[in-house]
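I have placed the structure first, in the form of structure tokens, so that the comments after it can refer back to it.
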Amino acid sequence: MTMSVTRRGFAAVATAAAVACGLAGQAIAQDCVQLRLSSPASETDQRAVALTEVFAPAVEDFACFEPHWNASLFAQGTELEAIARGNLEMSIASAQELAEFFPEFSIFTAGYVHRDAAHQVAVFNDEVMDQFKQKVEDELGVHLLTVMYLGRRHVNLRFTREELDVQTPADLAGVNLRMPGSEAWQFLGRALGASPTPMAFTEVYTALASGAVDGQDNPLPTVVDARFYEVTNQIALTSHLVDLNYLAISAEVFNSLPEDQQQALQDAADAAAQAGRERQLALEDELVAFLEEQGLELYEPDLDAFRSTVQAAYLESDFSSSWPEGVLDRINELAE
Ligand code: KDO
């Protein structure tokens, strides 16, 4: 027997099926807490890989992790406000972005303060961090879950070394160096001796390719992941900032979870941060050879000159006057 389905009948069946799926979808959605994360990072960046491979599976029993990479949901630097307004649940925040709201966070953005990845973890987990975390929660409604290792930032230029050999900050005078938008980043660019240009991360490749900027600063894994090496010719290994991000979540969402789910989410965040940290550190070692094979010149400048110039700039700046008493001493004590 053949069943003749009229067009109207098919439409009715299709509609019923769609409604059922939709309701089922909503039912599934209601069974999990929606965790939308927006970040300018790409989906192949080690922080993204760690979140999708480690964090998401570890919380999937009660939370639906929905990453939006390449700043596809919110523009870089607008995520924290989106979380505060209830339009986003998570971000990979930076101390520089937090310093826009709370100037004292600039202590974690200062060049040559954090020594290495382990030092970042020691500082984040020390009681010295409590006042900072509490202020972000009380005044912005954002809970800082864990610290993520971004890597040692270096000066990456279009110039060949023959055209510009960078030994001291004086050699960067007049160099149009792209830095991220917030004031703390612009200050770092000036402290390095350059003329900083504010620009979103997602625009940097095109700006380098066109010559709109002379260079940018990021860790080696980012130079590779974002393919900046295709449009630049040298990296002066300044290590001017051992850079970090904070995995941030809406305090309202986090505090609405039962304690066991809060602990599971915290453990998942720490596990993802550790996995990403290990991969990023390994890449920093491996990528020097890769970048040299691509024709870039990598070399160490006069690090004493860069360190003393940058540290002096911060200590003489208005930023340092916002640093709570004793915090810098405690950060230095925590360096292994
Ligand atoms: C950048 O814009 O250079 C930066 O490295 C700043 C970081 O805080 C972070 O936002 C990062 O971009 C993105 O995650 C892309 O890697």
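As the structure lists them, so they are numbered: ligands from 1, and atoms in each ligand from 1.
Within the listing of ligand 1, atoms 8 (O) sit less than 4.0 angstrom from a heavy atom of S94. The P180 neighbourhood of ligand 1 comprises atoms 1 (C), 2 (O), 3 (O), with distances under 4.0 Å to a heavy atom of that residue.
For the pair R153 and ligand 1, the shortest N or O to N or O distance falls below 3.5 Å. At a 3.5 angstrom cut-off on N or O pairs, D243 does not count as close to ligand 1. For ligand 1, the polar-atom distance check against T222 finds no nitrogen or oxygen pair separated by under 3.5 Å.
A donor atom on one side chain and an acceptor atom on the other are found under 3.5 Å apart for E137 and H143. Side-chain atoms of Q266 and D270 form a donor-acceptor pair, as typed in the model, at a separation below 3.5 Å. Between the side chains of Q234 and Y299, at least one donor-acceptor pair of N or O atoms lies under 3.5 Å. Judged purely by distance below 3.5 Å, without hydrogens or angles, the side chains of Q167 and D302 never pair a donor atom with an acceptor atom. A donor-acceptor contact under 3.5 angstrom links the side chains of S106 and W323, judged on distance only. Side-chain polar atoms of N176 and R158 form no donor-acceptor pair below 3.5 angstrom.
Contact annotation: for V204 versus ligand 1, there are no heavy atoms closer than 4.0 Å. Counting heavy atoms closer than 4.0 Å to ligand 1, residue Q76 contributes side-chain atoms (C-beta onward) but none from N, CA, C or O.
Within the structure, ligand 1 has R178 among the residues with a heavy atom less than 4.0 angstrom away. At least one heavy atom of R47 lies less than 4.0 angstrom from ligand 1. In this structure, Q216 has no heavy atom closer than 4.0 Å to ligand 1. In this structure, I92 has no heavy atom closer than 4.0 Å to ligand 1.
Side-chain rings of F65 and F55 approach one another, their centers coming within less than 6.0 Å.
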